[in-house]
There are 2 protein chains.
Amino acid sequence: MTSPAPPSLDQVFTALADPTRRAILSMLLEDDMAVTDVAEPFAMSLAAVSKHLGILAVAGLISQEKRGRVKWCKLEPDALREASVWMQAFGQYDGVNLDAFERFLAQELADPALDGSDVHSTS
Amino acid sequence: MTSPAPPSLDQVFTALADPTRRAILSMLLEDDMAVTDVAEPFAMSLAAVSKHLGILAVAGLISQEKRGRVKWCKLEPDALREASVWMQAFGQYDGVNLDAFERFLAQELADPALDGSDVHSTS
DNA sequence: AGCATATTCAACCATATAGTTGACCTTTTA
DNA sequence: TAAAAGGTCAACTATATGGTTGAATATGCT
């Protein structure tokens, strides 16, 4: 078998263009999941979700490892970095909202438990 | 005429998924260009390039202004901000809570002035 | 062994996308 | 005023995409 081609920007951006696939990535952000569990919240067939996962895998955004009869899906954030870097070339994001973003992250990472509904409250 | 809907992540990522459109963005990074000049290096019809530019415009990635018979195309890097920040959440911070992040993003995009940062500072 | 579970495969359908060509409208120029 | 230049529109074609269903393939359980 040939070694897999590195994911292209085409594949990464195409994968990200679908809201179902972005939702899947969000789910995998929290934890690794089996295909069936990924599919559960969606109003579409298991086969359809399986296809979406295949597209995400080809794009390098997730990896899939089969243990027993269960195929585990894992977020692979590295693939996003290439695309992110590409985008940075266009953004003069200097002052925009990265300051606010970093403050958000600081709070988020400091105390993920209290982010229920008042993300920006300081209380 | 209705005010244009703000570009969605769908539209931005879909626009970025095509190599021709990414090449166009690269060209516009250097300078504003007329439609005919944008089309010149591509081995496709002017109409096809015109369509690509329309897709980029709907995604908010470029703006188009008609002066005389010439329509000038200008890069609008701000539209990349939302998508880029969305990606950063995956690329760098494993533990980030996406629900909170989405709320942050919604507020940020709705009213950047409210977040207390010096949004337009020239670093 | 036999059945249930987890996942994919294959065939199919509807719609979207990227491209073409030729006609058309508007603006500039001779 | 007539012709050329800059773009878009409309109709069409081919292919890609996202979804379905039913059958097939493994693996695990009793």
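Below, read A as the first sequence line, B as the second, and so on, with proteins coming before strands; counting in each chain starts at 1. Side chains are part of it too, since the values below use all heavy atoms of this structure and drop only hydrogens, waters and symmetry mates.
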Picking from D:dG6, C:dT20, C:dT8, the nucleotide nearest the side-chain atoms of A:V35 would be C:dT8

The nucleotide from C:dT7, C:dG19, D:dG19 with an atom nearest the side chain of A:A48 is D:dG19

Query raised in the report: Counting N and O atoms only, with roles assigned by atom type, does the side chain of A:R22 sit under 3.5 Å from a partner on the main chain of A:L16, one being a donor and the other an acceptor?
Result: yes

The nucleotide from C:dG19, D:dT8, C:dT8 with an atom nearest the side chain of B:L46 is D:dT8

From the candidates C:dA6, D:dA4, D:dA11, the one with an atom nearest any side-chain atom of B:R69 is D:dA4

Practice problem: Could you check whether A:R21 gets within reach of a base, just the sugar-phosphate, or nothing at all, counting any heavy atom under 4.0 Å? | Solution: sugar-phosphate

Of the listed C:dT21, C:dA6, C:dC9, the closest approach to the B:A47 side chain comes from C:dT21

Rounded to whole Å, the CD-C1' distance (A:Q11 to D:dA16) equals 14 Å

Picking from D:dT8, C:dT7, D:dT20, the nucleotide nearest the side-chain atoms of B:K71 would be D:dT8

Quick check on C:dT7: is either OP1 or OP2 less than 4.0 Å from any side-chain nitrogen or oxygen of A:S50? no

From the candidates D:dT20, C:dT21, C:dA18, the one with an atom nearest any side-chain atom of B:I55 is C:dA18

The nucleotide from C:dT20, D:dT20, C:dA6 with an atom nearest the side chain of A:T36 is C:dA6

